[in-house]
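I have placed the structure first, in the form of structure tokens, so that the comments after it can refer back to it.
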Amino acid sequence: MLKIGDIEIKNPVVLAPMAGVCNSAFRLTVKEFGAGLVCAEMVSDKGILFNNEKTLGMLYIDEREKPLSLQIFGGEKETLVEAAKFVDKNTNADIIDINMGCPVPKITKCDAGAKWLLDPNKIYDVVAAIVDAVEKPVTVKMRIGWDENHIYAVENAQAVERAGGKAVAVHGRTRVQMYEGKADWNIIKQVKEAVNIPVIGNGDVQTPQDAKRMLEETGVDGVMIGRAALGNPWMIYRTVRYLETGELIPEPSVREKIEVCILHLDRLIALKNEHIAIKEMRKHAAWYLKGIRGNAKIRNEINECNTREELVTLLMNFVEEVENKQQSNAQAV
Ligand SMILES: Cc1cc2nc3c(=O)[nH]c(=O)nc-3n(C[C@H](O)[C@H](O)[C@H](O)COP(=O)(O)O)c2cc1C
């Protein structure tokens, strides 16, 4: 069983942290589809320390989401330690994760995110200071390196372990790759072989079969799924079932997909407000509709929606349209 510190995680399937996506509304929905662990979107250490209202709102966790890992980012030891202390004392997160993978220039130019990857000694220093300051288990999510000439994944993971970190998640790309090219699972395997703390593999798990292959090929303790879960929480459920029983459950019907989309929408409205939720939901709705034939028109129309009623009417009309088409196709056969 995957265990991070004292936190027992009932299966090895982990929802990746995703900024602008992994708030409580989405995490809870994914949790209900069986994820062993859900990760929250990254939160700025300085935002916490300056009591920024929006940032503090990002620390909200519904009890039903637990176990949950809350990720903070920053480029300085002192502020990261203080923010970790705040998360430790004032949130019901189970795990505090440090972001050492974000490739975005706005983040790396402040020495945060993937910038840490260039110096294992600095990683040791900051992780040890955070571990010292908090009670919750501390973990690190990292990329394999900065660029192909600076791949210190093994040294960096060993530094995390020596500093008292309780797990590492490794995305098999360098910072320079951003989201391009292929994730290098071989380096994830090397990390797994080099440390004794749990290693969670990440990158390019698009199907339940990929998850199984990653576990088998790299020996990792958990598999983290990001983009494949966007608008697709049943990817998590299908993966959990596939790993447990070998059974590949069929994709849900269009109606099921849209019903989950509306559940997600209602949770987002409850979390934020209707105006913000509808705006945020536009991208999610497009993800839920991905792969459904004839979705081009509705994807454009969604961007014009301003209320729950408009969006739900649009989605439900689309379901009926698709179902009618399916029925007449079936009759024609
Ligand atoms: C929209 C989006 C937002 C992301 N935000 C974060 C983040 O806040 N923290 C983090 O560590 N990684 C973040 N990532 C990276 C993912 O956690 C993950 O490492 C990456 O997408 C590779 O996994 P995948 O191939 O399963 O998508 C983000 C990725 C995406 C697509």
Side-chain angles (χ1 to χ4, degrees), residues 12-24 26-27 30 35 37-45 47-48 54-55 58-59 68-75 80 83 87 93 95-108 112-117 138-145 153 156 160 165 167-185 187-188 191 199-215 218 220 222-233 235-236 238-239 280 282-284 286-287 290:
V13 181
V14 179
L15 172 69
M18 287 183 281
V21 174
C22 291
N23 50 40
S24 178
F26 183 61
R27 294 186 315 245
V30 168
L37 177 69
V38 293
C39 298
E41 57 191 325
M42 63 180 195
V43 180
S44 152
D45 61 350
I48 293 176
K54 194 168 160 225
T55 309
M58 292 165 84
L59 303 180
L68 175 137
S69 167
L70 196 144
Q71 186 184 70
I72 54 176
F73 72 91
L80 270 174
V87 171
I95 295 165
I96 301 175
D97 187 54
I98 314 299
N99 181 315
M100 296 195 182
C102 183
V104 178
K106 198 173 94 185
I107 304 288
T108 55
K115 195 66 188 288
W116 288 102
L117 301 173
V138 176
T139 60
V140 171
K141 175 161 178 280
M142 55 173 62
R143 287 181 176 241
I144 54 174
N156 289 340
V160 171
V168 281
V170 185
H171 175 192
R173 286 190 176 80
T174 61
R175 184 265 168 180
V176 165
Q177 278 180 292
M178 305 293 276
Y179 292 92
E180 304 293 320
K182 249 183 90 181
D184 188 335
W185 290 5
I187 293 177
I188 298 176
V191 171
V199 177
I200 297 167
N202 171 239
D204 295 346
V205 174
Q206 277 153 8
T207 62
Q209 295 96 316
D210 289 341
K212 184 157 193 270
R213 200 163 51 77
M214 177 184 265
L215 287 165
T218 66
V220 286
V223 35
M224 180 180 269
I225 298 174
R227 288 165 294 174
L230 294 173
N232 189 6
M235 163 64 184
I236 301 290
R238 294 175 76 237
T239 303
E280 281 192 15
R282 290 174 183 164
K283 65 178 183 226
H284 289 284
W287 286 326
K290 205 172 146 194

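Bear in mind the structure is a predicted one, so any value in this text is a computation, not a measurement. Ligands are counted one by one from 1 in listed order, and the atoms in each one are counted from 1 as well.
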Using 0.5 Å steps for rounding, measure from the CE atom of Met42 to the CD1 atom of Ile107. 4.0 Å

Heavy-atom nearest pair, Lys283 first then Val21, reads CE-CG2, 4.5 Å

Can you name the nearest heavy-atom pair linking Gly74 to Asp45, along with the distance? CA-OD2, 3.4 Å

Sub-4.0 Å heavy-atom environment of ligand 1, residues by chain: Ala16, Pro17, Met18, Ala19, Met42, Gln71, Asn99, Lys141, His171, Tyr179, Asn202, Gly203, Asp204, Ile225, Gly226, Arg227

Phe73 and Asn99: which non-hydrogen atoms are nearest, and at how many Å? CB-CB, 3.8 Å

In terms of heavy-atom contacts, Met18 and Gly226 come closest through CE-O, 3.3 Å

CZ/Arg143 to CE/Met178 distance, rounded to the nearest 0.5 angstrom? 7.0 Å

